[in-house]
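Below is one structure, written out as structure tokens; the observations come after it.
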Amino acid sequence: MNRMGAELRHLLRALADLLFPPCCLACGTALPAGLPPLCCADCLARLPAIHAPICSCCGTPFQAGTSHLCGACLAKGPDFALARSPFCYEGVLRDALLGLKFHHNFSWLPSLGALCRNSALMADLAGPDLIVPVPLHVRRLRERGFNQSLLLARHCFPMWQDKIRSDLLVRTRYTTPQTALDGGARRRNLQHAFAADSEVAGKKILLVDDVFTTGTTVAACSQALLLAGAGRVEVFTPARSVQPLQRPPIPGTPQPAPDQSRQ
């Protein structure tokens, strides 16, 4: 029966590829099969992947060396125990997440999930007891029609579908979109904006959002989960905003004069 089921799935997949020829979501190049991630080899190579060395806590990428705590985490450790993001929030990944969030473009979801699962950084995440997507306020949920963090959790962690719970963390008040605010205003905007159910008590929680920008949202959610008794909170986002890394010059490459580099 299992063999027959596998053969049927293979046949249906081949039929789907015949009727709807697969192509790269980034550049449109034809692909030999419709299995995610739907990216050609050239576009895969250009994806802004994050890899070690990184901050061993918050996941900020470093220019060189080995993974260690960044200055911010050394000065004041965040409420979450660990945060990981496989990609920088730029280029194709940024377009895919913005398309999902604001334009109801779900075409990237299976490929985003496959790309994230293929990242070596995923091995840093502990096996969670519960996966909790960052919630939307009920008013914004009605406006948008879906919670992108919940969809991402389902596609990035299909092996843990039974652990995904969207009812354990709620946004208790409607807030200004974070993108319109600076760091201090972001923190004030989300004060007392989340509440967690006591069912999280003693559990290892994996908190899922779409983008790690300043970390304000996941910090506020982590505080609410820990206040409700969660034993540990880890954070996963497919992408994070990072400052451009100052890379050393390539040997033999002409360098601009000091006055030219400031123009």
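Just so it is clear, the model here is predicted, and its values are computed rather than measured. Note: hydrogens, waters and symmetry copies are ignored here, and every other heavy atom, side chains too, is used.
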Locate the shortest heavy-atom distance separating [X] from [Y]; write the atom from each residue and the value.
X	Y	answer
Ile54	Pro61	CG2-CA, 3.9 Å
Cys24	Cys39	SG-CA, 3.7 Å
Leu169	Ala224	CD1-CB, 4.1 Å
Met122	Cys116	CG-O, 2.9 Å
Pro48	Leu93	CD-CD2, 4.0 Å
Pro86	Leu121	CA-CD1, 4.2 Å

What do the steps show when you test Cys27 against Cys40 for side chain to side chain contact (heavy atoms under 4.5 Å, CB included), and what is the final call? CA-CA 8 Å; Cys27 72; Cys40 66; 3.7 Å; yes
Derivation of the side chain to side chain contact (heavy atoms under 4.5 Å, CB included) call for Arg154 and Gln161: CA-CA 6 Å; Arg154 288 172 174 167; Gln161 289 290 325; 3.8 Å; yes
Pairwise distance [atom1]([X]) to [atom2]([Y]) - rounded to 0.5 angstrom:
X	Y	atom1	atom2	value
His51	Phe62	NE2	CZ	13.5 Å
Arg232	Phe80	CZ	CZ	11.5 Å
Asp167	Glu199	CG	CD	7.0 Å
Arg117	Leu112	CZ	CG	10.5 Å
Leu44	Asp42	CG	CG	9.0 Å
Cys55	Leu74	SG	CG	7.5 Å

So does [Y] get a backbone contact from the side chain of [X], meaning a donor-acceptor N/O pair under 3.5 Å?
X	Y	result
His103	Asn105	no
Ser111	Leu38	yes
Ser85	Phe87	no
Gln148	Leu100	no
His155	Ala153	no

Please step through salt bridge (Lys or Arg N to Asp or Glu O under 4.0 Å) for the pair Lys204 and Asp129, ending with a clear verdict. CA-CA 5 Å; Lys204 291 184 294 183; Asp129 296 316; 5.1 Å; no
With a 4.5 Å heavy-atom cut-off, do [X] and [Y] have their side chains touching?
X	Y	answer
Leu152	Pro238	yes
Leu82	Leu125	yes
Asp79	Val233	no

State whether a side-chain donor-acceptor pair under 3.5 Å links [X] with [Y].
X	Y	result
Ser149	Asp209	yes
Ser56	Ser67	no
Arg240	Thr60	yes

Can Val134 be reached from Phe236 by stepping across I, L, V, M, F, W or Y side chains whose heavy atoms are under 4.5 Å apart? no
Same apolar cluster (I L V M F W Y, side chains within < 4.5 Å links), Phe194/Leu207: yes
I'd like to know whether Ile131 forms a side chain to side chain contact (heavy atoms under 4.5 Å, CB included) with Arg165, so could you lay out the CA-CA distance, the side-chain angles of the two residues, the decisive distance to 0.1 Å, and finally the verdict. CA-CA 6 Å; Ile131 298 176; Arg165 295 285 299 274; over 6 Å; no
Given the rule in the side chain to side chain contact (heavy atoms under 4.5 Å, CB included) test, do Ile50 and Cys88 qualify, once you have shown the distances and angles that lead to the verdict? CA-CA 6 Å; Ile50 294 176; Cys88 297; 3.7 Å; yes
Fit a plane to each ring of Trp160 and Phe157, take the angle between them on a 0 to 90° scale, and name the class: parallel (under 30°), tilted (30 to 60°) or perpendicular (over 60°). parallel
Carefully, step by step, assess Tyr89 and Phe212 under the rule ring pair (Phe, Tyr, Trp, His ring centres under 6.0 Å). CA-CA 9 Å; Tyr89 185 56; Phe212 189 114; over 10 Å; no
